[in-house]
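Naming: A, B, ... by sequence-line order, numbering from 1 per chain. Owing to the predicted nature of the structure, the values given are computational and were not obtained by experimental measurement.
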2 protein chains.
Amino acid sequence: MARAGVTVERLTLAGAELADEVGVENVTVAALARRFGVKDASLYFHLRNAHDLRVRIALLALAELADRVAAALAGRAGKDALVAFANAYRDYAREHPGRYAAMQIDLDPETAAASAGVRHAEMTRAILRGYRLSEPDQTDAVRMMHSTFHGFVSLEQTGGFRHTPRPTDDSWSRTLDALDAVLTNWPSR
Amino acid sequence: MARAGVTVERLTLAGAELADEVGVENVTVAALARRFGVKDASLYFHLRNAHDLRVRIALLALAELADRVAAALAGRAGKDALVAFANAYRDYAREHPGRYAAMQIDLDPETAAASAGVRHAEMTRAILRGYRLSEPDQTDAVRMMHSTFHGFVSLEQTGGFRHTPRPTDDSWSRTLDALDAVLTNWPSR
DNA sequence: TGGTTTGCCTAGTAGGGCTAGGCTACTACC
DNA sequence: GGTAGTAGCCTAGCCCTACTAGGCAAACCA
């Protein structure tokens with residue numbers, strides 16, 4: 001029988017595509033095997049288990065997102081950088097809802113430390129250079145930024161904003177204005 | 001054979017408890033049946049399917065949260081109300097992680113419209129009365145608030161803040177300060 | 001060219017979702 | 001207080017997914 005040429009990389013990519021199409025929760029080893037015209041048992045030669053697959057998808061997504069953010073951030077500073085970062089983040093989440101959802105799975109500490117998530121975190125901090133915040137305000141601001149972005153995107157995806165007619169794009173840009181305002185004038189105790 | 005006294009209400013409550021213990025994704029009809037000392041097939045007399053169960057848990061959680069928020073909000077205004085609301089929200093999510101996660105499932109429009117989610121939304125708007133915002137700023141502000149709360153709580157739960165030593169409680173209260181500041185001085189175009 | 005490794009296979013276990021159809025305990029009504 | 005109906009549970013059985021063990025053949029490599 002001919003070999004299908006399955007590799008972990010191809011499996012991860014196909015899994016990511018599948019996630020975007022049907023949701024991470026429906027990314028099954030069996031479905032992936034069908035996609036490769038192979039029996040599901042065969043994939044366990046490449047994958048430890050189903051969770052392993054999802055972790056790999058998450059790591060792929062983190063890397064892709066970090067790349068996009070890096071590209072968006074190049075040559076920008078201040079509010080420009082904030083908006084570019086935010087839009088890169090949201091656009092990625094909307095183009096790749098499954099990958100984005102996969103990113104939210106709880107990685108164990110060493111995996112997380114080795115992931116592109118740290119690059120992402122560094123870039124978030126880099127944005128704040130334009131706002132002249134020192135610790136611990138910087139950490140608090142990073143956390144607020146991340147919360148706002150993730151919360152907005154997440155609620156947008158699960159339909160949390162549907163009940164109000166106002167276009168979400170408008171609320172998004174006003175939210176970024178507000179975030180810029182509060183970062184510019186971070187309340188000191 | 002004796003009757004187990006299973007009702008939809010008891011199933012929903014037990015399902016909610018199960019969700020808090022093992023996560024929504026592990027709330028199975030089979031596990032619930034075991035908990036009631038009953039065969040899984042029997043539950044389909046009370047439940048349409050597994051999704052139906054999770055929706056019920058979500059609705060229960062929305063109602064509980066709305067109650068808590070209402071209690072927290074009583075007699076408060078301005079920043080006081082904002083902080084009370086936010087803490088009620090976060091505390092509920094931390095006490096009931098499974099229920100909170102269940103709340104995020106995508107309800108179909110009519111179910112959502114009939115849920116306690118609308119009470120929640122009304123109360124969020126009520127907070128903004130203390131900040132004198134008119135439409136569409138109000139909607140934008142509500143969305144930003146909700147995003148920040150949900151994002152923070154969500155990231156906190158999935159370990160998104162673990163890589164920095166700063167206590168999350170501190171970042172939380174500073175985030176609320178920032179939110180109050182920006183609502184007080186909402187940037188106009 | 002023959003041995004080893006690599007990549008796929010079949011077969012089988014366990015568990016979850018769900019349906020069909022059967023039996024029984026309770027309820028209501030005459 | 002007997003009996004018809006129904007509500008609440010059951011068994012049996014289907015399909016799907018995760019995962020393991022062990023077999024066989026293609027590819028590689030000495």
Nucleotide of [options] approaching [X] most closely (side-chain heavy atoms):
{"X": "Val38(B)", "options": "dT10(C), dT11(D), dC9(D)", "value": "dC9(D)"}
{"X": "Tyr44(B)", "options": "dT17(D), dG17(C), dA21(D)", "value": "dG17(C)"}
{"X": "Ala50(B)", "options": "dC9(C), dT17(D), dC18(C)", "value": "dC18(C)"}
{"X": "Phe45(B)", "options": "dG17(C), dC19(D), dA7(D)", "value": "dA7(D)"}

Should His46(A) be listed as having a side-chain N or O under 4.0 Å from OP1 or OP2 of dC8(C)?
->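 Yes, because at least one side-chain N or O of His46(A) sits under 4.0 Å from OP1 or OP2 of dC8(C).
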
N or O in side chain of Arg34(B) less than 4.0 angstrom from dG16(C) OP1/OP2 |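 True: Arg34(B) side-chain N/O within range (under 4.0 Å) of dG16(C) OP1/OP2.
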
Grab the [atom1]-[atom2] distance between [X] and [N] for me, whole Å please.
{"X": "Leu11(B)", "N": "dA7(D)", "atom1": "CG", "atom2": "P", "result": "17 Å"}
{"X": "Lys39(A)", "N": "dC16(D)", "atom1": "NZ", "atom2": "C1'", "result": "14 Å"}
{"X": "Leu43(B)", "N": "dC10(D)", "atom1": "CG", "atom2": "C1'", "result": "12 Å"}
{"X": "Asn49(B)", "N": "dC14(D)", "atom1": "CG", "atom2": "C1'", "result": "17 Å"}
{"X": "Asp52(B)", "N": "dG17(C)", "atom1": "CG", "atom2": "P", "result": "13 Å"}
{"X": "Arg10(A)", "N": "dG7(C)", "atom1": "CZ", "atom2": "C1'", "result": "13 Å"}
{"X": "Leu47(A)", "N": "dC8(C)", "atom1": "CG", "atom2": "P", "result": "12 Å"}

Would Arg90(A) count as a cation-pi partner of Phe152(A), with NZ or CZ less than 6.0 Å from the six-membered ring centre and within 45° of the ring normal?
-> no

Do NZ/NE/NH1/NH2 and the carboxylate oxygens of Arg162(A) and Asp106(B) come within less than 4.0 Å?
-> yes

Residues Asn87(B), Trp172(B); criterion side-chain hydrogen bond (donor to acceptor under 3.5 Å, both in side chains); working and verdict = CA-CA 9 Å; Asn87(B) 283 327; Trp172(B) 174 250; 2.8 Å; yes

Pick the nucleotide of DNA chain D nearest each of Arg54(A) and Thr7(B); which residue has the one closer to the 5' end?
-> Thr7(B)

Categorize [X] for me: base, sugar-phosphate, or nothing, with a 4.0 angstrom heavy-atom threshold over every strand shown.
{"X": "Asp40(A)", "value": "base"}
{"X": "Ala31(B)", "value": "nothing"}
{"X": "Ser42(B)", "value": "base"}

What residue among Glu95(A), His150(A), Arg94(A) forms side-chain hydrogen bond (donor to acceptor under 3.5 Å, both in side chains) with Tyr100(A)?
->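 The residue from Glu95(A), His150(A), Arg94(A) that satisfies side-chain hydrogen bond (donor to acceptor under 3.5 Å, both in side chains) with Tyr100(A) turns out to be His150(A).
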
How about Leu128(A) and Asp137(A): do any of their side-chain heavy atoms sit closer than 4.5 Å?
-> no

